[in-house]
**Q** 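Before anything else, here's the structure in question.
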Amino acid sequence: MCGRFVRKTSAIEISQIFEATNNSLDLPVSYNVAPTSRILSVVSTVDGRRVQDVSWGLIPRWAKDSTKAASLINARLETVSEKPSFKNLIASNRCVLPMDGYFEWKEVLRHDEIKPFKQPFYFSPQPGSHYSHSGVLGVAGLWSSWKDPNNPEGSSVITAVALTRDANAMVSQVHHRMPVLLDQQGVMSWLDLATEEPLSHLVEIEDEALVVCAVSTKVNSSRSSGADLIDPIDLNDASNGKRKAEHNDELRLF
DNA sequence: CCAGACGTTGTT
DNA sequence: GTCTGG
DNA sequence: CCAGACGTTGTT
DNA sequence: GTCTGG
């Protein structure tokens with residue numbers, strides 16, 4: 001889950017929404033943010049919250065190289081406190097990853113084709129929901145600082161992962177995992193360095209937190225970008241090149 | 001003791 | 001670095 | 001996350 | 001099948 005997302009809100013706006021100082025590079029917005037790219041995070045410091053740019057895909061402190069960063073893009077909430085790569089980050093390396101929405105794929109087998117087809121869906125905050133921070137989602141994350149042992153003169157790389165949990169009933173129509181979303185209280189508690197047991201404050205995410213729509217397979221290629229990637233499509237519309245709904249129960253979800 | 005892994009996803 | 005497997 | 005590459009030789 | 005790049 002959560003291997004591709006949208007950030008169409010600028011760093012300045014993100015910093016205002018999360019009441020943070022903007023300390024990030026001027027990263028361009030993207031409708032197709034892929035693992036290993038630079039993303040924004042909100043972290044707490046002694047001087048308050050800051051928006052910081054980080055690399056998506058965690059490199060543990062002890063890693064000999066950065067080649068496996070792309071495989072540590074998510075951490076399971078159920079096991080994060082046990083895993084060597086993550087457990088030591090919970091106490092003081094928590095962050096919030098702002099996203100306007102994220103993509104999830106469902107593999108569907110169409111009766112007239114042999115190969116399964118990956119239908120992308122776009123999840124975004126339900127307007128007015130507690131999980132909408134002026135239209136932006138706050139995903140619980142962890143960050144780490146890594147220095148390449150083969151390049152001791154180089155600067156440290158800050159990397160991050162997004163936490164995942166079992167999908168709620170609404171999201172599970174498409175996929176069995178979902179990001180750990182934070183409401184306003186959740187952001188407070190997750191970012192507060194004084195929080196004793198941050199994992200214990202994470203609550204179930206109600207079905208009304210998100211809305212979903214099917215989108216074009218253009219998003220499947222990480223080279224695609226552009227606002228049309230989140231345009232809703234009608235899966236029952238034959239003009240999308242898909243079979244009509246009466247022939248395809250799998251696609252008749254929404 | 002040393003060597004080797006350390007993660008998630010989905011799929012079977 | 002720290003834990004697990006042998 | 002998905003898409004696309006995955007290799008060597010010698011020659012230009 | 002598995003790894004890398006985006």
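In this text, all values refer to a predicted model and were calculated from it rather than measured experimentally. Chain identifiers are assigned alphabetically (A, B, ...) following the order of the sequence lines, protein sequences preceding nucleic acid strands; residue numbering begins at 1 within each chain.
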**Q** Is A:Ser225 close to A:Tyr31 at the side-chain level, that is, under 4.5 Å between some pair of heavy atoms?
**A**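 Side chain of A:Tyr31 against side chain of A:Ser225, heavy atoms only: no contact under 4.5 Å found.
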**Q** Say we look at B:dT9 and E:dG5: how far apart would their P atoms be, to the nearest angstrom?
**A** 23 Å
**Q** Using the P atoms only, state how far D:dA5 lies from B:dA5, rounded to an integer number of Å.
**A** 30 Å
**Q** Take A:Thr217 and A:Phe117, measure what side chain to side chain contact (heavy atoms under 4.5 Å, CB included) needs, and give me the verdict at the end.
**A** CA-CA 9 Å; A:Thr217 53; A:Phe117 152 88; 3.8 Å; yes
**Q** A:Glu104 has an atom CD; how far is it from atom C1' of D:dC1, in whole Å?
**A** 8 Å
**Q** Between A:Glu78 (CD) and B:dG7 (P), how many Å, whole number?
**A** 14 Å
**Q** Do any side-chain nitrogens or oxygens of A:Arg61 fall under 4.0 Å of OP1 or OP2 in C:dT2?
**A**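 Indeed not, no polar side-chain atom of A:Arg61 lies that close.
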**Q** So A:His133 and A:Phe18, would you call those rings parallel, tilted or perpendicular, with 30° and 60° as cut-offs?
**A** tilted
**Q** Using the P atom in both, what is the distance from D:dA3 to B:dT11, to the nearest Å?
**A** 13 Å
**Q** Using a cut-off of 4.0 Å on non-hydrogen atoms, how would the nucleic acid contact of A:Phe5 be classed: base, sugar-phosphate, or nothing?
**A** nothing
**Q** Taking only the P atom of each, what is the distance from B:dC6 to D:dG4 in whole angstrom?
**A**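 After rounding to an integer number of Å, I get 30 Å for this pair.
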**Q** Quote, to the nearest angstrom, the C1' distance that separates B:dT12 from E:dG1.
**A** 14 Å
**Q** Do A:Glu82 and A:Thr79 have side-chain N/O donor and acceptor atoms under 3.5 Å apart?
**A**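 The answer is no; no qualifying pair exists.
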**Q** Could you list all the salt bridge (Lys or Arg N to Asp or Glu O under 4.0 Å) pairs where at least one residue sits in residues 63-76 of chain A, not counting sequence neighbours?
**A**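 Every salt bridge (Lys or Arg N to Asp or Glu O under 4.0 Å) pair that includes a residue of residues 63-76 of chain A, provided the two are not neighbours, is A:Arg76-A:Glu78.
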**Q** Can A:Trp62 be called stacked on B:dC6 when the rule is centres closer than 5.5 Å and an angle between planes below 30°?
**A** yes
**Q** Looking only at non-hydrogen atoms, find the nearest pair between A:Ile73 and A:Trp56 and report the distance.
**A** O-NE1, 3.2 Å
**Q** Between D:dT8 and E:dT4, how many Å separate the two P atoms, rounded to a whole number?
**A** 15 Å
**Q** Using distance only, find each side-chain donor-acceptor pair of residues 181-188 of chain A under 3.5 Å and give its atom names and separation, not counting sequence neighbours.
**A**
residue: A:Asp183; atom: OD1; partner: A:Gln185; partner atom: N; Å: 3.3
residue: A:Asp183; atom: OD1; partner: A:Gly186; partner atom: N; Å: 2.7

**Q** Reading DNA chain B 5' to 3', what string of ( ), [ ], | and . shows its pairs, if Watson-Crick and G-U wobble pairs count only when both distances fall under 3.5 Å?
**A** ||||||......
**Q** Measure the distance from NZ on A:Lys106 to P on D:dC2 and round it to the nearest whole Å.
**A** 13 Å
